[in-house]
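Report on the following structure.
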Amino acid sequence: MKTYNDTTYAILGILTTDCRTGYDIKQLIDRSLTHFWKISYGQIYPTLKTIVEDELATVTISSQPSKPERKEYHLTAQGKETLKNWLEEPVKQIPAERNEILLKLFFGRHQPKENTVSTLEDYKKKLEARYLTYINIEESITANKDHAEDAVYWLFTLDYGKRMTKAAIEWCTNTLEQLLNEGD
């Protein structure tokens, strides 16, 4: 069995939803997956091409007056099986996080403490805004969950994001307290 990169599996998964065009796929990524998985337009179309070439999906092309042709993608039985097989594989590794705030803090002694405090306060505000975004997404999913078979799974991934963000906010609060009390 051929193995694919994670972007391919992500797009196979997205094709199980109502997303059928490259544009629809990118919209779903920007609304939902971007909080934990990044995929650019530059990755979407070559991946769709590969998926069709490998017979994991079919494409239907329809004409639209005064618009470009519309390409709609649909998973084949082989595509569904490929996704299912990947889902059943164990997770290979815990993801390594690239975190700019931790990198800056690691070298923080090379700048005035006020700058580090300001950077942490700004980061905490951004995390709080992200947390509110997650709350809004949760409300939207919950309000429409009767219409989406995947809603319970979307809520699981959202809960992970909420918990991680809440933990990061608490970490910021504690780190700021320690910085501000340093030298007292």
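The structure presented is a predicted model; accordingly, all values stated were derived computationally and were not measured.
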Is there a chain of hydrophobic side chains (I, L, V, M, F, W, Y, each step under 4.5 Å between heavy atoms) that links [X] to [Y]?
X	Y	result
Met164	Ile101	no
Ile14	Leu158	no
Trp37	Ile11	yes
Val52	Tyr23	yes
Leu28	Tyr160	no

Does [X] use its side chain to pair, donor to acceptor, with the backbone of [Y] at less than 3.5 Å?
X	Y	answer
Gln111	Gly108	no
Arg109	Phe106	no
Lys38	Thr34	yes
Thr50	Pro46	yes
Ser63	Glu69	no
Asn144	Ser140	yes

I need the minimum non-hydrogen distance between [X] and [Y], along with the two atoms involved.
X	Y	answer
Ala10	Ile39	CB-CD1, 3.7 Å
Ala57	Leu15	CB-CD1, 4.3 Å
Gly79	Leu12	O-CD1, 4.2 Å
Lys113	Glu182	NZ-O, 3.4 Å
Trp154	Thr157	O-OG1, 2.8 Å
Cys19	Asp24	SG-O, 3.6 Å

Find the distance between [atom1] ([X]) and [atom2] ([Y]) and round it off to the nearest 0.5 Å.
X	Y	atom1	atom2	result
Leu87	Lys80	CG	NZ	13.5 Å
Thr58	His74	OG1	NE2	6.0 Å
Leu56	Ile51	CG	CD1	6.5 Å
Glu81	Leu83	CD	CG	9.5 Å
Lys26	Leu33	NZ	CG	10.5 Å
Lys166	Leu127	NZ	CG	13.5 Å

Using a cut-off of 6.0 Å, state whether more than 12 heavy atoms not belonging to [X] lie near its atom [atom1].
X	atom1	result
Asp18	CG	no
Arg130	CZ	no
Glu53	CD	yes

Would you indicate whether the side-chain heavy atoms of [Y] and [X] approach each other to under 4.5 Å?
X	Y	answer
Ile137	Ser32	no
Thr142	Glu138	yes
Tyr41	Ile25	no
Ile169	Cys172	no
Thr21	Tyr73	no
Glu139	Asn136	yes
Leu105	Tyr123	no
Tyr9	Thr82	yes

Would you tell me whether [X] and [Y] have side-chain atoms, one donor and one acceptor, within less than 3.5 Å of each other?
X	Y	value
Thr8	Asn5	yes
Asp54	Tyr4	yes
Thr173	Lys124	yes

Worked check of salt bridge (Lys or Arg N to Asp or Glu O under 4.0 Å) between Lys125 and Glu121: CA-CA 6 Å; Lys125 286 178 188 170; Glu121 288 171 339; over 6 Å; no
Ring centers of Tyr131, Tyr134 separated by less than 6.0 Å: no
Any residue meeting salt bridge (Lys or Arg N to Asp or Glu O under 4.0 Å) with Glu72, in chain and number order, not counting sequence neighbours: Arg70
